[in-house]
Each structure stands twice: as structure tokens, then as C-alpha cells.
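Working notes, beginning with the structure itself.
Starting from 1, each residue takes its place in the sequence as its number. Predicted, not measured: the structure shown is a model, and the values here were computed from it.
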Amino acid sequence: MTAGQTAERPVVEPDLARPVLDVVIPVHNEQDALVRAVQTVRAHLSTLPYRARVTIADNASTDATELLGHQLAHAHDDVRMVRLAQKGRGRALKQVWSRSDAEVLVYMDVDLSTDLNALLPLVAPLISGHSDVAIGSRLSPASRTVRGPRREVISRCYNVLLRGTLRARFRDAQCGFKAVRRDVAAELLPLVEDDEWFFDTELLVLAERAGLRIHEVPVDWVDDPDSSVDVVRTALQDLRGMARLGGALVRGRLPLAEVQARLGRAAREGGEGRLRAQVAVFAAIGVASTLAYALLYVLLRHAVPAQAANALALVLTAVANTAANRRLTFGVRGRSGAVTHQAQGLLVLGCGLVLTSASLWLLHRASGTDHPLAEVVVLTLANLCVTVLRFVAMRTWIFRRRRGPAAGGRVDEDRGMHHDRAHEAD
């Protein structure tokens with residue numbers, strides 16, 4: 001499969017032995033809402049052309065929720081009850097989805113704030129193989145929502161933060177109305193660390209970074225005034241989750257490229273996202289390198305001539321810069337190829353040395369001054385040009401993906417180029 005192509009996903013064929021849809025309703029102390037919700041969902045599912053099941057995921061309820069769930073499961077063949085000893089919406093969805101035999105896994109809140117008429121548009125792209133994950137969006141221009149100003153402001157601010165920090169492109173992370181293909185869930189769920197409210201966001205960000213297709217459905221949504229969710233506490237947990245996930249993505253801890261390869265989703269958007277991510281990380285490393293270079297130059301300038309101080313500062317920062325970009329920007333793992341990469345980086349350094357040395361010579365020739373501050377300013381400007389040159393060289397030569405005719409586009413492992421970052425830092 002070549003870059004820019006999208007592998008064909010299998011269409012889900014009806015199988016009388018198992019449901020196509022598994023609609024999970026996570027609950028905690030919902031004895032007043034559970035029966036009505038399950039009956040309403042069952043009635044709606046009966047209008048769809050797919051075999052479906054409702055799964056009640058009881059998160060350590062202490063009221064009559066568990067008893068009512070067992071009664072519903074006993075009364076209806078298309079209802080099952082799962083009891084968890086610990087609270088946590090994410091924990092419940094992980095456990096139930098991981099064990100489900102349905103092809104498309106759905107979850108919705110017990111308050112049924114989302115109009116169920118959005119369910120068929122939600123799951124149809126997953127059943128057809130068009131998309132991998134589907135979410136209801138209250139923030140779509142076509143959505144109709146009724147909720148208080150406090151929740152509206154918090155929701156919109158949260159999604160602005162997601163776009164600004166994790167560069168998410170989906171509109172609504174926290175709407176309690178989502179679906180995922182079972183094969184996609186099997187790949188992503190082990191990577192999701194959060195067991196509570198940040199679970200949704202983390203799953204979506206990982207799916208997006210793995211190059212998977214997220215389908216958004218405008219929904220009609222009415223806020224539940226009796227909701228027991230602690231908005232402030234949940235918001236703080238989400239902020240901590242964003243910091244943790246962002247750190248993991250920047251450090252390249254998550255094997256999202258392998259997930260993408262196994263699921264067969266490719267790449268044109270991923271390539272664009274990867275370039276943006278690489279530019280962002282490379283720029284951060286470049287700023288640190290430039291500051292380190294300026295500091296080293298000033299320190300060395302007191303002991304050696306300007307040209308020697310420039311050369312020594314360039315060599316020391318170039319080695320560190322190549323190592324940092326190898327690991328963080330281009331996601332290369334292991335020691336294999338490290339020496340070659342450093343040698344190539346030093347060749348690029350040679351070009352930078354010529355440029356910066358020429359800048360120093362021109363400064364001295366034109367102004368007749370050898371003041372360290374003037375030299376640092378000129379060299380910093382020259383190093384900005386060198387930085388652009390270094391990025392182009394690293395992307396197109398030093399850390400370029402190597403494709404072999406028999407490898408189907410896989411990275412050449414002889415050079416240790418395991419690009420498992422894909423575009424995690426986008």
C-alpha cells in the first residue's frame with residue numbers, strides 16, 4: 001500500500017449468531033433512570049436493520065441499579081448485565097468493549113440526552129467500513145442543543161484547549177454518544193490509560209494520531225438537569241489527562257504507527273500531520289540548540305578566537321541536536337544507524353559552519369568590530385538559516401523513510417528507522 005492510499009475495510013455482514021451492534025450503557029446509582037432508558041433503547045433498536053444487544057455496565061452501584069439490571073437481563077434476551085467492582089466510565093467501557101463479540105461497539109449515557117434518531121447515522125459508516133470511529137457532536141453547526149450557559153462555556157473551552165494543545169480536529173470530545181469498530185477498539189483500548197471521564201478524549205486523540213477516520217454526526221441534545229457529574233472535578237481531571245497524553249505523544253511512547261499499519265488506514269492526512277508535528281518538535285529543539293549555541297559561544301569566546309569558538313559551539317550543539325531530533329522529531333529508536341546519522345549530521349554541520357564562518361568574516365570585514373554581542377547577533381541570524389537547512393536535510397536525507405520493493409512501503413530496518421511516532425506530536 002502506497003502513501004495516500006486507503007486500504008479497503010471489510011463491510012460488516014449480518015451474522016445471526018451474534019449481534020452487529022452492542023449498545024453499552026454505563027451506570028452508577030441510576031435506579032430511577034435505568035429501566036426507562038433500556039426499554040427506550042430496545043424499542044429504537046428494533047427499528048434498525050441490524051441485530052443488536054443492550055449491555056448494562058454497572059459501575060459499583062450501591063442502590064438498586066444492579067438488581068434492576070439483572071431483572072432486565074433475565075426478562076429480555078437482547079439485554080445483558082455486567083457488574084464492575086470499581087467506578088469509572090472508561091473502566092466500564094474498556095472491560096465491556098474488550099469482551100464484546102459485536103462488530104460495532106456503541107456507548108450512550110443513561111439519561112439519553114442525545115436523540116436516538118442519530119444512532120443509525122452514527123453506526124452506518126462503521127458497518128459499511130467507511131469509518132473507524134463515530135461520535136455525536138453537539139458543537140456541529142447542524143446540531144440542536146439545549147443546555148445551561150455554564151456547561152456550554154466549559155464544553156467549548158475544553159474543545160478549544162484540545163485543538164490548541166493536542167491539535168485535535170474533531171469538534172466534540174465528551175458527548176456521551178460514540179461508536180467504534182471492534183477491530184479498532186482491540187488496537188486502541190490497551191493504549192488508553194484513563195479509566196474515567198478523559199477516556200473518550202484519549203481514545204479519540206489516539207485514533208486520530210493513528211490515521212484512523214473519525215465520523216462526526218450532528219445530534220439533537222438536551223441537557224439532563226439531574227446529572228450527577230461534578231463538572232469542575234471532571235474538568236481538572238481532563239486537564240491532567242491532556243498533560244499526560246501530550247507528554248506521552250511528544251516522547252513517542254505510543255506505537256501508533258504500528259496500529260495504523262495493522263488496521264490498514266493510511267496516510268495522506270497522516271503525512272500532512274506528521275510534517276506539522278515534525279516542524280513543531282524540530283522548532284522547539286532548534287530554539288534550545290540556538291540558546292545553547294549562543295551560551296557556549298560566549299563562554300568559549302573568552303578563551304579562544306571567534307572562529308574557533310564558533311566551530312566548537314556548533315559541533316557540541318549539533319551532536320546534541322541530531323540526537324534529540326533522531327529520538328523526538330523523527331521517532332528513530334535503537335542504536336542501529338546512530339553513528340551514521342551523526343556522521344550525516346556533521347556533514348550538514350559543515351555546511352552550517354561555512355555559512356556561519358562566512359557571516360563572521362563579513363561582519364568583521366564590513367564593520368571592523370569583533371565585539372562578542374555583535375557576533376552573537378549575526379551568528380544567531382545565520383543559524384536560523386542553518387536550522388532550515390538542517391530540517392530539510394534530516395527529513396529528506398538523514399531520517400528519510402526507506403521503501404523497498406518487497407517491503408510494501410515498510411521502513412528500512414537496517415538503518416534502525418522505526419518510525420513509531422507517526423504524527424503523535426501534531
Side-chain angles (χ1 to χ4, degrees), residues 3 162-169 184 187-194 198 201-212 240-263 265-289 318-342 344-345 387 390-403 409-426:
L162 279 181
R163 288 174 175 267
T165 58
L166 298 178
R167 301 189 65 84
R169 292 186 290 275
V184 173
E187 293 285 350
L188 293 181
L189 290 180
L191 305 181
V192 178
E193 293 187 22
D194 192 82
F198 189 66
T201 301
E202 190 165 0
L203 180 74
L204 292 175
V205 170
L206 294 179
E208 193 170 69
R209 296 304 180 80
L212 304 183
R240 287 194 292 269
M242 289 166 62
R244 172 185 55 77
L245 179 57
L249 293 173
V250 169
R251 292 192 297 271
R253 289 178 45 215
L254 301 167
L256 297 179
E258 286 87 340
V259 171
Q260 183 184 62
R262 285 193 292 269
L263 291 174
R265 279 297 188 200
R268 183 166 56 190
E269 309 92 36
E272 295 169 354
R274 183 165 53 249
L275 175 58
R276 291 194 298 271
Q278 289 174 347
V279 169
V281 178
F282 182 86
I285 294 172
V287 170
S289 297
V319 170
N321 183 283
T322 300
N325 279 300
R326 183 178 190 271
R327 175 70 171 82
L328 298 177
T329 305
F330 297 95
V332 182
R333 301 291 183 271
R335 297 180 180 177
S336 177
V339 174
T340 300
H341 296 152
Q342 284 291 353
Q344 292 171 311
T387 297
R390 184 182 295 120
F391 178 77
V392 173
M394 285 183 172
R395 182 174 173 84
T396 61
W397 177 43
I398 301 175
F399 302 119
R400 179 170 62 91
R401 287 175 176 264
R402 305 287 181 177
R403 302 184 184 277
R410 294 175 59 189
V411 175
D412 181 1
E413 297 181 358
D414 292 339
R415 301 191 61 199
M417 299 185 63
H418 305 292
H419 289 254
D420 58 0
R421 287 177 51 80
H423 53 296
E424 296 100 326
D426 180 14

Arg244 and Glu202 ion-paired at < 4.0 Å: yes

Euclidean distance, Leu162 CG relative to Leu204 CG, rounded to 0.5 Å: 9.0 Å

If you define the side chain from C-beta out and look only at heavy atoms, does anything of [X] sit under 4.5 Å from [Y]?
| X | Y | result |
| --- | --- | --- |
| Phe198 | Glu193 | no |
| Asp194 | Thr201 | no |
| Asn325 | Ile398 | no |

If I compare all heavy atoms of [X] with all of [Y], which pair ends up nearest, and what's the gap?
| X | Y | value |
| --- | --- | --- |
| Arg169 | Arg163 | O-NH2, 3.3 Å |
| Asn321 | Gly286 | ND2-CA, 4.4 Å |
| Leu245 | Leu206 | CD1-CD2, 4.0 Å |
| Ala207 | Leu188 | CB-CD1, 3.7 Å |
| Val259 | Ala210 | CG1-CB, 4.2 Å |

Residues forming a side chain to side chain contact (heavy atoms under 4.5 Å, CB included) with Thr322, sequence neighbours excluded: Gln342, Met394, Phe399

